[in-house]
Amino acid sequence: MIILGIETSCDETSASLIDFTEKKRLILSNIVSSQIDIHKEYGGVVPEIAAREHVKNINVVLSACLEEAKIKPEKIDLIAVTSGPGLITSLIIGVETAKALSLAWKKPLLAVNHMYAHLAANFLNPKITFPAIALIVSGGHTELILLKNHSSMKKIGQTVDDAAGEAFDKVAKLLGLGYPGGPIVSKEALNFDSSNPQSITLPRPMIDSHNFNFSFSGLKTAVLYKVNKMKSEEIKKKTSEICFEFQEAAVEVLTHKTIKAAKQFQAKTVLLAGGVAANRRLRSELENKAKENGLNFLVPEFQYCTDNAAMIAIAGYYLSKNKKVKLDNWKKFKADPGWELE
Ligand code: KG4
Ligand code: ZN
């Protein structure tokens, strides 16, 4: 079964073709056109600019995707597109393009939830033992999901304020380090020699709360208070230590709650997903703790952690197994910016 995935929920325009069999998934192409360099200037994604860039890029990305995969549209069995959550101005470009292709090529069209797709990036490995606990950490969401199988899930916890990636981005911004903050903060943290005594400590918000929710807004504010008390020379000197301690605090809370959930729900596997899953410290810490507790651990390769259309195609494959997708589905199709996993 060949699936075309399309993703335009934020600032990446992406298209991917994957050939699925029961046992194997062959990624024929996964083209990602990132707008990061354009939005950098503004310190974050500007929706209006993102939409214009998607309009400019979508056909180029789609034709590069077909060309690299050496696939004619007739061979495609299903089109899967991100319908939400995300920026409405961005989502609508992918959704309307997918509807046009569905009509023109006479191919069924399936709506994919972007957060489900992030965790489905782990299904590139078809051997997963369930139940599983998935930690999805991105720029807009931080969620713990209990999975009974590939497509049956329940949200058991989420952030009550900022998302983990958002906190990385805000901390980078207040330290004047640029956008997106996650990769910059984690690189800066490497410059701190952790064998030295630390002069900065930050809270681990909600680490002992009796639920599976998170809070990152207070952690970011704690960084802000520390920085406000320092002279600019001191900030410069301590930037790597602040980044190190901030990353330690975020990783500790995320890891602690994920393992606690895995134990409580007797999970066999822990899955990590979303843009922040590209963080090396989080990957290694969660893997170590999962293994210490006898749990399997899976995380996608780096390129499938941040936004990409391969994860949309994979999600489409598992969703289509339980659903008859009609050919005229495009008629009732709409972008849904607030679409939350239940
Ligand atoms: O999943 P994603 O690509 O887009 C959304 O759906 O939001 O995630 C983007 C987020 C950004 O906040 C970015 O700073 C964060 O992922 N991120 C990281 C790293 N790479 C990307 N956060 C921490 N460490 C990283 N290495
Ligand atoms: Zn994402």
Side-chain angles (χ1 to χ4, degrees), residues 5-14 16 30 32-36 39-40 43-45 47 50 81-87 90-91 94 112-122 134-143 145 158-159 162-175 177-190 214 216-217 219-220 243-244 246-255 271-286 299-312 314-315 337-341:
I6 299 176
E7 155 68 32
T8 66
S9 68
C10 189
D11 59 344
E12 264 90 27
T13 319
S14 182
S16 173
N30 180 39
V32 183
S33 166
S34 173
Q35 306 170 9
I36 282 180
H39 297 287
K40 241 182 204 166
V45 178
V81 64
T82 307
S83 306
L87 298 169
S90 290
L91 287 166
V112 169
N113 179 294
H114 182 83
M115 302 320 294
Y116 173 65
H118 268 303
L119 77 86
N122 281 297
L135 171 67
I136 316 178
V137 265
S138 75
H141 291 76
T142 301
E143 295 176 350
I145 307 285
Q158 63 188 329
T159 181
D162 290 355
E166 191 179 354
F168 271 92
D169 294 338
K170 286 178 174 171
V171 165
K173 198 169 182 176
L174 69 89
L175 290 170
L177 296 176
Y179 174 86
I184 309 175
V185 168
S186 59
K187 205 167 152 206
E188 207 31 75
L190 289 176
F214 302 95
F216 290 102
S217 162
L219 182 55
K220 166 212 68 192
C243 290
F244 173 84
F246 167 77
Q247 181 173 262
E248 287 306 296
V251 167
E252 200 178 318
V253 178
L254 290 167
T255 304
L271 307 176
L272 176 61
V276 185
N279 184 281
R280 288 177 193 275
R281 182 77 179 131
L282 178 59
R283 291 165 86 95
S284 68
E285 204 45 27
L286 193 54
V299 61
E301 280 174 39
F302 289 99
Q303 58 180 318
Y304 303 119
C305 286
T306 43
D307 290 350
N308 68 89
M311 69 185 196
I312 310 303
I314 303 162
W339 184 7
E340 294 286 338
L341 287 179

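Residue numbers start at 1 and run along the sequence shown. Counting convention: from 1, in listed order, for ligands and their atoms alike.
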query = Can you tell me if His118 has a non-hydrogen atom under 4.0 Å from ligand 1?
reply = yes
remark   = Nearest heavy-atom approach of Gly275 to Thr306 is CA-CG2, 3.9 Å
query = If you count the atoms of ligand 1 from 1 in the order shown, which ones are under 4.0 Å from a heavy atom of Ala278?
reply = 20 (N), 26 (N)
remark   = For atom 15 (C) of ligand 1, the closest protein heavy atom turns out to be Val276 CG2, 3.9 Å
task = Indicate, as side chain, backbone, both or neither, the part of His114 found under 4.0 angstrom from ligand 1 when only non-hydrogen atoms are considered.
result = side chain
request  = Would you mind reporting whether Thr255 and Leu282 have side-chain heavy atoms less than 4.5 Å apart?
outcome  = yes
remark   = Among non-hydrogen protein atoms, atom 11 (C) of ligand 1 lies closest to Asp169 OD2, 3.6 Å
note = If you scan protein heavy atoms around atom 24 (N) of ligand 1, the nearest is Asn279 ND2, 3.0 Å
Verdict with supporting geometry, Met311 and Leu119, side chain to side chain contact (heavy atoms under 4.5 Å, CB included) = CA-CA 8 Å; Met311 69 185 196; Leu119 77 86; over 6 Å; no
key: Residue pair Ser90, Val45: steps toward the side chain to side chain contact (heavy atoms under 4.5 Å, CB included) verdict   = CA-CA 11 Å; Ser90 290; Val45 178; 5.9 Å; no
task = Heavy-atom distances under 4.0 Å are what count here, so tell me which part of Asp307 touches ligand 1: side chain, backbone, both or neither.
result = both
task = Check each atom of ligand 1 against the heavy atoms of Thr306 and keep those under 4.0 Å away; list them by number with element.
result = 3 (O)
ask   = Are Leu272 and Val137 close enough that some pair of their side-chain heavy atoms sits under 4.5 Å apart?
value = yes
ask   = Looking at Asp307, which of its N, O or S atoms is the nearest one to the Zn ion (ligand 2)?
value = OD1
key: Worked check of side chain to side chain contact (heavy atoms under 4.5 Å, CB included) between Asp307 and Val32   = CA-CA 8 Å; Asp307 290 350; Val32 183; over 6 Å; no
Side-chain donor-acceptor contact under 3.5 Å, Ser9 with Glu7 = yes
request  = State, with a plain yes or no, whether a side-chain heavy atom of Glu166 is found less than 4.5 Å away from one of Lys220.
outcome  = no
task = Answer yes or no as to whether an N/O/S atom of His118 is found below 2.8 Å from the Zn ion (ligand 2).
result = yes
query = For Gly140, is the nearest heavy atom under 4.0 Å from an atom of ligand 1?
reply = yes
query = Is there a donor-acceptor contact under 3.5 Å from the side chain of Asp169 to the main chain of Gly44?
reply = no
inquiry  = When you compare the side chain of Thr142 with that of Leu254, does any pair of heavy atoms fall below 4.5 Å?
reply    = yes
remark   = If you scan protein heavy atoms around atom 22 (N) of ligand 1, the nearest is Gly182 CA, 3.2 Å
query = Can you tell which part of Ser186 has a heavy atom less than 4.0 Å from ligand 1: side chain, backbone, both or neither?
reply = side chain
inquiry  = Using 2.8 Å as the threshold, say whether any N, O or S atom from Cys10 sits that close to the Zn ion (ligand 2).
reply    = no
task = Mark up the atoms of ligand 1 that fall under 4.0 Å of a heavy atom belonging to Gly165, in ascending order.
result = 12 (O)
ask   = Nearest protein heavy atom to atom 7 (O) of ligand 1, by residue and atom, and its distance?
value = Gly139 N, 2.8 Å
inquiry  = Below the 3.5 angstrom mark, is there an N/O of Gly274, backbone or side chain, next to an N/O of ligand 1?
reply    = no
query = In the protein, which heavy atom is nearest to atom 17 (N) of ligand 1, and how far is it?
reply = Gly275 O, 3.5 Å
key: Validation row: Arg281, Glu248 side chains within 4.5 angstrom (heavy atoms)   = yes
request  = Report yes if some N/O of Pro180 lies less than 3.5 Å from some N/O of ligand 1; otherwise report no.
outcome  = no
message = Tell me if the aromatic rings of Phe216 and Phe168 count as close, with their centers under 6.0 Å from one another.
response = no
